[in-house]
Amino acid sequence: MDKNDEHKRKVKKFWQIKLTLAIGFIGSSCLLLFVVKGLFQTSKEHSVPQTILNMKAEIKPILKSLGSSEGSLVERKKDIKKMEDISKKYNLEFSHHWSSTLFYVMLLEQTLSSQNDLSENELKELIKNIDISLWNSFKSSLLEKYFARCLKRDFERDLERHFEPYFEKYFERDLDQYLFRYLKHDFEQYLNQYLELDFAQYFKRDFVKQLIQTKWWLFLAEQGESPKIKREDLKQISQSIIEEINKALELEMSQKYGLDLTIYQDFLTTEKKQVKLIQFSMLAILSITVLMLSLLFLIRQRNQGVTWSMTGMYLFPEECISELEARYERLKSDEDNSAWEIRLIMLWEILILLKSIYIQVAIEDLFLPSKNKRD
Amino acid sequence: MANRKKKPIKLSSIDEDLLTVLLGRELYGLEMLDYINPDRPGLPLTYGSIYPALNRLEKKGLIESRWGDESKGSSGARRKYYKVTGLGASCLSDVQNYRLILAQRPSFG
């Protein structure tokens, strides 16, 4: 009995150690896979200079502030200025055109409202700083149309009567006034033909034309007229502009640095990437060490003197072990059977025996009397 | 005192084969298969197939077993030898007689 108990203890300890080593082997393999995946992903990630991360940190709050409808026109103008300064500082162009348009819309919105933070002089000063080149290009195209029409009637008479005195003396300064006084009808017709009144749809298609539209409304408002637009619609426009600025920034970052601001929330600087790589490398070394050690101990366990038959004593009755051993010896002595064939046959025999003992016999014993003889 | 009616003992085909093989012999599992499997119609039996039958027959008292010497294997497991009891022999002869009667029974109609 003591020999049997010692035998069982030896087998039990053998398999416990083997199971522990196997779990360690599998665990360290999984850890190694995870580490390799992390290393691969980290090395593929873009590392960006710290300056770009600084830029992102500076610009995002400003865009968020502009996107909200709070704040006076002066504060919002300051934000626009800051955005332009950041754009210049980091040699970016995303704010080009957009910041002035945004300001025009905000200015128009403010002008139409009952409250106006700016004095008359400040307002005039701001209107003066409107993008002159675009305004002039529109005026010149309008004038071309007017001239073309005049050619059909009496070009010389119209030119002498309307344009020449003003061209020489008041060219730029009063031309706007002149346009307003004499060509307002033509101007509006021109706008109606080329700039549909449904500006919300039109806005996304042609920025330049929308800019002109907005300036015209601003001009009308400055002259004391009320353009037929709603304040809510202007708010929509300013929101659209903020979105366009964000898109322009993302596109520029993507083109310049290969970064997609919509996907990458946390960029890695070069230093952070190095730190991450070092951490993953250390984990990789640790997991490989555990893997090699567990493999080494598993191999050493092979010569512990615990055989499959000894292990089988736990699963099968004694007589079954002796029968299996005898069957194995017979198969080995038969030269026709290869090693793999013998293994397959033995595996099949063991499976049938397991099913017989643990299922069939267990069920039948419920209906059979107990054994009369004791071993 | 009325005679106690003998409880009928059911025998499957494998049970019959085993009782037939063990009649007048004392064999262990692999030896029984050496007698049963040659020329047997259907799939050859394995020890796992006859183990439940041996267990069943032993518990019904139709066969009895004894432990043999230690085997030559590394585990030192002993072999179990089986032989038929008187009850087993009587059951087997009842079944064989019935088959003879069945074969000799005239056809009806």
Side-chain angles (χ1 to χ4, degrees), chain A residues 3-4 6-8 10-11 304-334 344-375, chain B residues 7-12 14-15 18 22 26-38 42-88:
Chain A
K3 190 186 170 190
N4 205 19
E6 192 192 319
H7 188 264
K8 282 190 176 177
K10 189 180 177 186
V11 171
Q304 293 288 308
V306 175
T307 61
W308 285 110
S309 302
M310 289 166 74
T311 308
M313 296 282 265
Y314 270 110
L315 292 171
F316 301 113
E318 195 180 345
E319 64 268 27
C320 298
I321 297 293
S322 69
E323 299 291 344
L324 286 171
E325 278 180 340
R327 180 80 170 114
Y328 180 65
E329 291 303 320
R330 269 208 201 170
L331 287 168
K332 259 175 71 176
S333 60
D334 188 356
L344 278 171
I345 292 167
M346 289 308 297
L347 185 64
W348 181 246
E349 298 258 354
I350 287 166
L351 287 172
I352 297 287
L353 203 50
L354 277 170
K355 177 214 100 183
S356 303
I357 292 168
Y358 289 103
I359 298 173
Q360 198 172 348
V361 170
I363 293 170
E364 283 177 6
D365 279 351
L366 295 171
F367 304 102
L368 290 170
S370 55
K371 275 163 100 168
N372 292 325
K373 263 192 184 176
R374 282 191 183 181
D375 294 328
Chain B
K7 197 175 176 184
I9 296 176
K10 283 180 267 186
L11 289 180
S12 67
I14 290 182
D15 295 348
L18 286 170
L22 288 171
E26 194 179 48
L27 304 168
Y28 66 94
L30 217 55
E31 282 180 332
M32 282 185 244
L33 292 171
D34 289 339
Y35 278 97
I36 292 173
N37 278 334
L43 288 170
L45 297 175
T46 61
Y47 182 73
S49 317
I50 63 171
Y51 181 80
L54 290 170
N55 176 65
R56 196 162 55 234
L57 289 170
E58 194 173 0
K59 289 210 171 140
K60 284 180 182 175
L62 302 178
I63 61 175
E64 58 186 10
S65 63
R66 67 165 181 89
W67 285 106
D69 304 328
E70 283 193 2
S71 75
K72 293 171 191 172
S74 59
S75 62
R78 294 170 296 172
R79 277 182 189 155
K80 216 178 204 181
Y81 291 86
Y82 297 89
K83 67 178 183 184
V84 177
T85 60
L87 179 61

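The structure displayed is predicted, hence computed values, not measured ones. Every chain is numbered from 1, with letters handed out A, B, ... down the list of sequences.
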Mind checking the [atom1]-[atom2] spacing from [X] to [Y]? Nearest 0.5 Å is all I need.
X	Y	atom1	atom2	value
A/Phe316	B/Tyr51	CZ	OH	10.5 Å
B/Arg79	A/Glu319	CZ	CD	13.0 Å
B/Asp34	A/Arg330	CG	CZ	4.0 Å
B/Ile50	A/Ile352	CD1	CD1	13.0 Å
B/Ser49	A/Lys355	OG	NZ	7.0 Å

query = Hey, is CG on B/Leu43 packed in by over 12 heavy atoms from elsewhere, all under 6.0 Å?
reply = no

query = Got a sec: does the OH of A/Tyr328 have more than 12 other heavy atoms crowding it under 6.0 Å?
reply = no

ask   = Between the main-chain N or O of B/Pro52 and the side-chain N or O of A/Ser356, is there a donor-acceptor pair closer than 3.5 Å?
value = no

message = When you measure from the side chain of A/Glu349 to the backbone of B/Gly48, do you find a donor-acceptor pair of N or O atoms at a distance under 3.5 Å?
response = no

Most contacts with chain B, counted as non-hydrogen pairs under 4.5 angstrom, among A/Leu351, A/Ile350, A/Leu354, A/Leu368 = A/Leu368

key: Structural part of A/Glu364 lying under 4.5 Å from a heavy atom of chain B   = side chain

inquiry  = Would A/Asp365 and B/Asn55 count as a side chain to side chain contact (heavy atoms under 4.5 Å, CB included) here? Give the steps.
reply    = CA-CA 9 Å; A/Asp365 279 351; B/Asn55 176 65; 3.1 Å; yes

Evaluation steps, side chain to side chain contact (heavy atoms under 4.5 Å, CB included), between A/Leu353 and B/Tyr47 = CA-CA 7 Å; A/Leu353 203 50; B/Tyr47 182 73; 3.8 Å; yes

